[in-house]
Amino acid sequence: MKKGTVRKILSALQSTSGKDFLNRLTLQLDQAIDADYTFISRINIENHSSTTLSLVSHGKIADNFTYSLEHTPCADVSDDSLCVYPENICAHYPKDQLLVDMKVEGYIGTPLHDSQGNVMGIVVALYETKIEDPELVTSLFELFTGRISAEIERMEHQDALTKLNSELEQKVSERTLKLQETLDQLKASQNQLIENEKLAALGRLVAGVAHEVNTPLGVSLLANSTIESCYHEIKDAFSSGALSKHVLETNLETINEAQETIGLNLSRATELITNFKQLASDFHIDELETINLSEWIDALLSSLQLLINTSDIELIKHYPETNIELITYPFRLAQVITNIISNSVNHAFDQDATHHKFIAIDVHTNDEECIISLQDNGQGMDQDVTSHIYDPFFTTKRGVGGMGLGMSIVKNLVSDSLKGSIDIDSKPGEGTRVNIHLPKKAAA
Ligand SMILES: Nc1ncnc2c1ncn2[C@@H]1O[C@H](COP(=O)(O)OP(=O)(O)OP(=O)(O)O)[C@@H](O)[C@H]1O
Ligand SMILES: [Mg+2]
């Protein structure tokens with residue numbers, strides 16, 4: 001062996017691993033021992049076969065292949081013996097056709113052991129001529145067997161790990177898919193439930209409206225039959241020539257009263273139905289628009305000024321200095337603010353309240369949303385009222401103008417159309433604050 005051979009081999013192997021390591025080592029060994037073929041092979045005991053992991057043929061890396069161990073010297077090596085045949089190998093293994101075909105003369109094979117001490121592979125050198133220095137070959141092979149075995153084991157562990165990892169990934173993605181499907185199903189059921197709940201709410205609303213409309217219609221019918229009987233009384237008296245001034249006057253008065261009752265009740269029914277239509281969100285005329293919030297609120301408030309002024313209430317406004325642009329449905333937002341302000345005007349303050357009354361509008365904003373707060377310093381509400389405030393037809397002013405639809409409309413508009421949320425903070429004696437949270441853009 002030339003001086004420095006081992007150092008040369010080692011330096012060629014620096015920072016290599018896996019297949020690259022095996023190929024470089026086989027090439028280096030092949031050069032050092034001057035063989036015609038050198039290979040490192042993995043033994044498969046069950047198949048009684050051997051598969052090369054790296055093969056050098058006449059100085060060059062060649063394609064790997066698998067061969068049967070039957071009748072070969074490699075079988076003896078894999079039985080854990082060092083085989084050295086400097087010449088005439090085919091005479092010892094005449095049935096090894098491969099050796100015969102390759103015209104191999106000399107053979108040296110060394111077993112490779114795994115960490116448990118079992119033979120896992122072999123390193124083999126084949127010569128087409130007699131081997132001059134077999135000891136050099138065996139000693140060089142033996143020098144590297146431990147390193148080769150360790151690298152093969154490491155590669156196999158890594159392959160197993162990669163396989164396990166991809167199996168695991170496969171399992172995770174299968175589970176994720178199943179979870180996603182379950183989640184989709186849940187979402188579908190949730191949407192269905194929400195739809196059912198909306199329908200149920202609409203059903204309750206329709207029933208409520210029907211009930212409410214029934215009262216003015218019933219009264220109108222009654223008044224109508226009163227008119228009818230007056231008509232017959234006048235007609236009968238007239239036909240019989242007995243129509244006195246008194247009979248005519250009292251009947252005309254009754255007819256007049258009944259007709260007024262009918263007028264009032266029919267307007268109430270119309271009002272109820274208009275509100276119901278509003279509640280059922282038939283708002284296709286209102287389109288998304290970009291508004292400058294403070295300017296827009298100012299314009300809205302000026303239209304409400306009369307209502308507020310006649311009640312001797314001061315309007316206090318706080319807007320941020322910078323412009324706030326909001327993409328929203330202005331008509332619906334106007335309904336929301338109008339309903340809340342008219343509630344403050346109608347419910348917050350007693351007729352004979354003497355303190356300084358105010359309604360304050362504050363506008364705040366952050367990156368995602370804009371908050372409009374409407375606060376009055378009126379009498380506030382108790383827990384019982386606030387817990388029912390969004391129920392359709394809930395009012396504490398029945399018979400004196402209240403229909404109990406205002407806040408229920410507000411709630412529907414804010415959460416469904418304007419894609420925001422609403423909360424109320426109110427305590428008896430401390431006034432009421434309504435906060436409307438709106439996204440900077442109400443999705444279309
Ligand atoms: N700012 C407020 N201060 C005190 N009570 C309030 C205030 N806002 C609402 N309420 C109470 O909540 C109830 C429900 O309000 P809502 O707007 O839904 O109906 P309403 O004002 O009575 O009738 P409608 O709005 O249909 O004319 C009111 O009757 C009132 O008792
Ligand atoms: Mg109201």
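The residues of the chain are indexed from 1 along the displayed sequence. Counting starts at 1 for both ligands and their atoms, in listed order. Heavy atoms only: backbone and side chains are in, while hydrogens, waters and symmetry mates are out. Being a predicted model, the structure only gives us computed values, none of them experimental.
- Contacts with ligand 1 closer than 4.0 Å are made by heavy atoms of both the backbone and the side chain of Thr395.
- Only the side chain of Asp376 comes within contact range of ligand 1, with a heavy atom under 4.0 Å; no backbone atom does.
- For a threshold of 3.5 Å applied to N or O pairs, the pair formed by Asn339 and ligand 1 contains no separation below that value.
- In terms of N/O distances under 3.5 Å, ligand 1 is approached by Thr396.
- Contact atoms of ligand 1 toward Ile389: 9 (C), 12 (O), 18 (O) (distance under 4.0 Å to a heavy atom of the residue).
- Screening Ile316, Val345, Thr432, Ile340 for a side chain to side chain contact (heavy atoms under 4.5 Å, CB included) with Ile359, the sole residue that qualifies is Val345.
- For atom 23 (O) of ligand 1, the choice among Gly406, Gly404, Pro392, Ser342 with the nearest heavy atom turns out to be Gly404.
- The atoms of ligand 1 that sit less than 4.0 Å from any heavy atom of Thr432 are 1 (N), 2 (C), 3 (N).
- Remark: Glu181 does not engage Lys178 in a salt bridge, criterion side-chain N to carboxylate O under 4.0 Å.
- Near Ala348, meaning under 4.0 Å from any of its heavy atoms, are these atoms of ligand 1: 3 (N).
- Aromatic ring centroids of Phe39 and Tyr37 lie 6.0 Å or more apart.
- Considering backbone and side-chain N/O of Val385, none are found under 3.5 Å from N/O of ligand 1.
- Judged by distance alone, the side chains of Asp362 and Ser373 never bring a donor and an acceptor atom under 3.5 Å apart.
- The shortest N or O to N or O distance between Asn343 and ligand 1 is under 3.5 Å.
- Within 6.0 Å of CG in Asn366 there are more than 12 heavy atoms belonging to other residues, nucleotides or ligands.
- Considering backbone and side-chain N/O of Met407, one or more are found under 3.5 Å from N/O of ligand 1.
- For CD1 of Ile61, the number of neighbouring non-hydrogen atoms (other residues, nucleotides, ligands) closer than 6.0 Å is greater than 12.
- Looking only at atom types and distance, the side chain of Arg332 has a donor-acceptor partner in the side chain of Ser417 under 3.5 Å away.
- The shell of residues lying under 4.0 angstrom from ligand 1, judged by heavy atoms, includes Ser344.
- Using modelled atom types, one finds no donor on one side chain facing an acceptor on the other under 3.5 Å when comparing Asn339 with Gln335.
- The nearest non-hydrogen atom to atom 13 (C) of ligand 1, considering only Phe394, Tyr390, Phe393, comes from Phe394.
- A salt bridge between Lys163 and Glu167 is present, with a side-chain N of the basic residue lying under 4.0 Å from a carboxylate O of the acidic one.
- Taking 2.8 Å as the criterion, Asn339 does not count as a coordinating residue of the Mg ion (ligand 2), since none of its N, O or S atoms falls below it.
- Below 3.5 Å of separation, one finds no N or O of Met381 facing any N or O of ligand 1.
- Counting only heavy atoms from C-beta outward, the side chains of Ser294 and Asn292 approach each other to under 4.5 Å.
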